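The structure presented is a predicted model; accordingly, all values stated were derived computationally and were not measured.
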Amino acid sequence: MESISHTPAESSSSSASSTQHKIWMEAQDELKQKLIAQDDFPWRSATSAPPTSDQEEKALKYVGGVDISYSKEHPSMACGTLVVLDIHTLQVVYEDYSVVTLSVPYVPGFLAFREAPVLLELLEKMKAGANLFYPQLLMVDGNGILHPRGFGLACHLGILANLPTIGIGKNLHHVDGLTLSGVRQLLKAKEDCAEDFINLTGRSGRIWGVAMRSTDGCVKPIFISIGHRISLDTAIKIVKLTCKYRVPEPIRQADIRSREYLRKHQAMIFK
């Protein structure tokens, strides 16, 4: 049998990585205790229940979207983007960008520790300026509770920013027995049904989110999950209001603009 030896540098690196993962897990567990998985906001939309007598009535108008694009040539270079749309017109009313060099590596299950600080800084900058377009709700290009540890980027960012958040996944996390082939079968069985989504129910019986065909003729579903301070039912209704194409417009615009801004930034500094 071939013996495998590790150099001191490799062992040290592995130990440091293990320690970091433990720290991240503890931080996630601590934040998770603050997670609110029901409607908890001062505004209401046409799909919300009427407010109580002591609750201020305020219509939902500004919906934010966040995304991070990465450079193909320089993988540690990234562009964080925040856009805000008017939910009635789906027009962008605010946009901001931050090009950064990331030192935190990508580790499955811990994406928030790489991306959340960049996105949170954009939100805090906007809030500090008392911008009138500050989002009442945030859509995140990433998962909420539909996550191996039940606490994805949308949850993490929602709690730190104290904003209602919705996780929008383009790919399925295979948690609790969920599989893409199983989801496709269930969606196919509903092709002739009025409902355009299915619950993502795991083997445990827990509902992790929904898979939704967001537009007519859409083949690939999106995966919606609770981030923070919103119920799944309300999240589904708001996503439907913002879908012109497969991906909700706040996320789609953040993605398009983020990639374009990064492309122009790279063209200037590497010309």
Using 0.5 Å steps for rounding, measure from the [atom1] atom of [X] to the [atom2] atom of [Y].
X      : Y      : atom1 : atom2 : result
Met126 : Asn131 : CE    : CG    : 4.0 Å
Leu157 : Leu31  : CG    : CG    : 11.0 Å
Met25  : Phe151 : CE    : CZ    : 13.5 Å
Ile159 : Glu30  : CD1   : CD    : 10.5 Å
Glu73  : Gln266 : CD    : CD    : 5.0 Å
Glu260 : His265 : CD    : NE2   : 13.5 Å

Would you say [X] and [Y] are hydrophobically clustered, going by side-chain heavy atoms of ILVMFWY under 4.5 Å?
X      : Y      : result
Leu241 : Ile236 : yes
Tyr134 : Val84  : yes
Phe223 : Leu138 : no
Leu153 : Val66  : yes
Val239 : Trp43  : yes

Please tabulate, for the side chains in residues 103-124, all donor-acceptor contacts under 3.5 angstrom to protein atoms that are two or more places apart in sequence or on a different chain.
residue, atom, partner, partner atom, Å
Arg114, NE, Tyr70, OH, 3.3
Arg114, NH1, Val104, O, 2.4
Glu115, OE2, Tyr70, OH, 2.7

At their closest point, which heavy atom of [X] faces which heavy atom of [Y], and how far apart are they?
X      : Y      : result
Gly144 : Ser225 : N-OG, 2.8 Å
Pro250 : Thr242 : CD-CB, 3.9 Å
Gly227 : Ile230 : N-CG2, 4.5 Å
Ser214 : Ile222 : CB-CD1, 4.1 Å
Leu262 : Ser71  : CD2-N, 3.6 Å
Gly80  : Ile68  : CA-CG1, 3.8 Å

**Message:** What I'd like to find out is whether the side chain of Ile198 reaches to under 4.5 Å of the side chain of Val210, using heavy atoms alone.
**Reply:** no
**Message:** Could you check whether any side-chain heavy atom of Arg213 comes within less than 4.5 Å of a side-chain heavy atom of Phe197, counting everything from C-beta outward?
**Reply:** no
**Message:** Looking at Asp255 and Arg259, is any side-chain nitrogen of the basic one under 4.0 Å from a carboxylate oxygen of the acidic one?
**Reply:** yes
**Asked** Taking NZ, NE, NH1 and NH2 as the nitrogens, is one of them in Arg252 or Glu249 under 4.0 Å from a carboxylate oxygen of the other?
**Response** yes
Taking [X] for the side chain and [Y] for the main chain, is one N or O donor matched with an acceptor at less than 3.5 Å?
X      : Y      : result
Lys32  : Arg149 : yes
Ser69  : Cys79  : no
Gln136 : Tyr62  : yes
Arg44  : Ala59  : no
Arg246 : Pro221 : yes

Could you give the side-chain donor-acceptor pairs of residues 199-208 under 3.5 Å, partners two or more places apart or in another chain?
residue, atom, partner, partner atom, Å
Ser204, OG, Asp176, OD2, 2.5
Ser204, OG, Arg206, N, 3.3
Trp208, NE1, Asp176, OD2, 2.9

In residues 163-175, what donor-acceptor pairs under 3.5 Å come from side-chain atoms, sequence neighbours left out?
residue, atom, partner, partner atom, Å
Thr165, OG1, Ala154, O, 2.8
Thr165, OG1, His228, N, 3.0
Lys170, NZ, Asp141, OD2, 3.3

**Complete:** Cluster membership besides Ile36, Ile/Leu/Val/Met/Phe/Trp/Tyr side chains within less than 4.5 angstrom, sorted by chain and number, is none
**Message:** Using a 4.5 Å cut-off between side-chain heavy atoms of Ile, Leu, Val, Met, Phe, Trp and Tyr, which other residues end up in the same hydrophobic cluster as Leu132?
**Reply:** none
**Asked** Will you find, in the side chains of Asp67 and Thr81, an N or O donor that is under 3.5 Å from an N or O acceptor?
**Response** no
**Request:** Go through the steps for Gln253 and Leu90 under the test side-chain contact (heavy atoms from CB on, under 4.5 Å), then give the verdict.
**Result:** CA-CA 10 Å; Gln253 288 297 328; Leu90 296 184; over 6 Å; no
**Any pair counted as ring-ring contact (aromatic ring centres under 6.0 Å, His included), so long as it reaches residues 72-98, sequence neighbours left out** = His74-Phe270, Tyr97-Tyr261
**Message:** Does atom CD (Glu26) have a neighbourhood of more than 12 heavy atoms from anything else shown, all under 6.0 Å?
**Reply:** yes
